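Encoded as structure tokens, the structure appears first; notes follow it.
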Protein chains: 2
Amino acid sequence: MLKISSLNLNGIRAAHRRGFKDWIAQSNPDIICLQELRAMEHQVPGPIQSLNYHAFYHTAEKKGYSGVGILSREEPISVQDGIGVDWIDQEGRVIMAEYTDLTVFSIYAPSGTTGDARQELKMEFLDVFLPFAHQHLEGDKPVVFCGDFNICHRPIDIHNPKRNKNTSGFLPEERKWVSLLLDTGFEDVYRRLHEGEPDLYSWWSYRAASKERNKGWRIDYHMTSPELLDAAEEAVIEKDWDLSDHAPVTISYNLG
Amino acid sequence: MLKISSLNLNGIRAAHRRGFKDWIAQSNPDIICLQELRAMEHQVPGPIQSLNYHAFYHTAEKKGYSGVGILSREEPISVQDGIGVDWIDQEGRVIMAEYTDLTVFSIYAPSGTTGDARQELKMEFLDVFLPFAHQHLEGDKPVVFCGDFNICHRPIDIHNPKRNKNTSGFLPEERKWVSLLLDTGFEDVYRRLHEGEPDLYSWWSYRAASKERNKGWRIDYHMTSPELLDAAEEAVIEKDWDLSDHAPVTISYNLG
DNA sequence: CTTACTATG
DNA sequence: CATACTAAG
């Protein structure tokens, strides 16, 4: 069994203070895909650097901003940073680690909540991401894109679909993009293992006690090639941990 | 009896969180001279605005920076902001309140610790302050200049005089300036009521647990006209309160 | 609301 | 070390 977690940390230093190491010790994933490090590599807390994981980071040029990483028990065959578009790669939003049996990505799509300019860049990211993802889907290894896509797919994935129908993250064009991804070969494994189950979210605003009232959004995904859906045995959102405003999305795959 | 307190708040919002109102309720000064508000007037916490004091503030133009104020039970006859020099008045460092029986100033001298440019401006402030103070000393009312002068006068006023002999705040030219002030008619009332007593400080760095080890500096003063020295009955530094990195310097005057 | 950053002390 | 600010989410 291969246990893979995806977690937006909202600052790896803050997450460390909130018990990131305890969560790792208890959940013990084989691979952890991280988003929003909000730190340079040298700023990663020592205790995290000392963990018994191989660690790879692709950080933003801007201090305290964005950044993705992959931690794994097994040493990857190769690691690759970025997606090949300058502005995206300067923001540290894509990292890949290739292993013997599968290829893993940690993805952090831009947020569009701060204005039109960023929303346009978010759509540009999605446009660039789609062929990039398909290119890797057509490789001969199983592939999983873990991460914070900053999009809720369907009404069931958000606590208040009506109120948010014009909100970045739940816009029709964003939701269609997820549908397109799923219609062209990818599987939203967490949802496939929890079809029709409401109130399952991976992010809650820090404002207005959203988490305790479970007023959340499901915006963190494992988007996989079909064989990984077949391999998936258990998918959980570990919302009992308060490591950041997101919860770890953890899936156990039986790769036979 | 007239009880006057001087307190550098290091942010009136932070001081409010740390119990500023409780201190007022317990110490109950008639007049409170405040320094380092670090807030615009509209940012002063509501509970402080609701106190049974007349309140006057002279804030800096720069947000979150400097600013002085005077609170008093009695309504002043007049209030005046500033000292008449643009850069000083833009930094909110001087406010005066005139009462029937005396005139009170709240003074916040610049710090020179951030570099040569600021040290030069500190000396310029002191140069401007001296004639300003004497002009008011020669009025017909008792006068008190309360505040953070950012200078330790003598070795007894600092925990480590040798180590700090080249440190801004204990430089020879700064110490001489205080001596000049005292040689030309002003009284350092707190010291006059505690002659020769060591280890009496009004500020402790937040670093290195300075306060619990009493590694402090006495940089907050009541500088008064001679009749107020005669009137002073009790002078205390209220160091049991942790309202900021400074302690209130509180003196009770018997104005007969 | 929370995490970063930066300036100031 | 602590308090503000700002940008970002």
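The model shown is predicted, which means the values in this text are computed figures rather than measured ones. Letters A, B, ... mirror the listed sequences (proteins, then strands); counts begin at 1.
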Examine B:Phe105 together with B:Phe132 and report whether their ring centres are nearer than 6.0 Å.
yes
Check salt bridge (charged side-chain N to carboxylate O under 4.0 Å, His left out) between B:Asp242 and all other residues, then give those that pass, not counting sequence neighbours.
B:Lys211
Residues in ring pair (Phe, Tyr, Trp, His ring centres under 6.0 Å) with B:Tyr221, at least two apart?
B:Phe149
With sequence neighbours excluded, tell me which residues meet side-chain contact (heavy atoms from CB on, under 4.5 Å) with A:Leu51.
A:Lys21, A:Ile24, A:Ile48, A:Tyr53
With sequence neighbours left out, what residues match A:Asp188 under salt bridge (charged side-chain N to carboxylate O under 4.0 Å, His left out)?
A:Arg218
Partners meeting side chain to side chain donor-acceptor pair (under 3.5 Å) with A:His153 (sequence neighbours left out)
A:Ser179
Contacts of A:Arg13 that satisfy salt bridge (charged side-chain N to carboxylate O under 4.0 Å, His left out) - sequence neighbours left out:
none
If a pair satisfies salt bridge (charged side-chain N to carboxylate O under 4.0 Å, His left out) and one of its residues is in residues 173-182 of chain A, list it, with sequence neighbours excluded.
A:Lys122-A:Glu174
A:Ala247: partners by side-chain contact (heavy atoms from CB on, under 4.5 Å), with sequence neighbours left out
A:Trp204, A:Ile237, A:Lys239
Considering only heavy atoms, which members of residues 208-217 of chain B lie under 4.0 Å from some atom of DNA chain D?
none
Those residues at least two apart in sequence (or on a different chain) that pass salt bridge (charged side-chain N to carboxylate O under 4.0 Å, His left out) with B:Arg17 are none
Where does the chain A footprint on DNA chain C start and end, counting 5' to 3' with a 4.0 Å heavy-atom cut-off?
C:dC1 to C:dT6
Would you mind building the protein contact string for nucleotides 2-9 of chain D? One character per nucleotide, 5' to 3', B for base within reach (heavy atoms under 4.0 Å), S for sugar-phosphate only, - for untouched.
SBSSS-SB
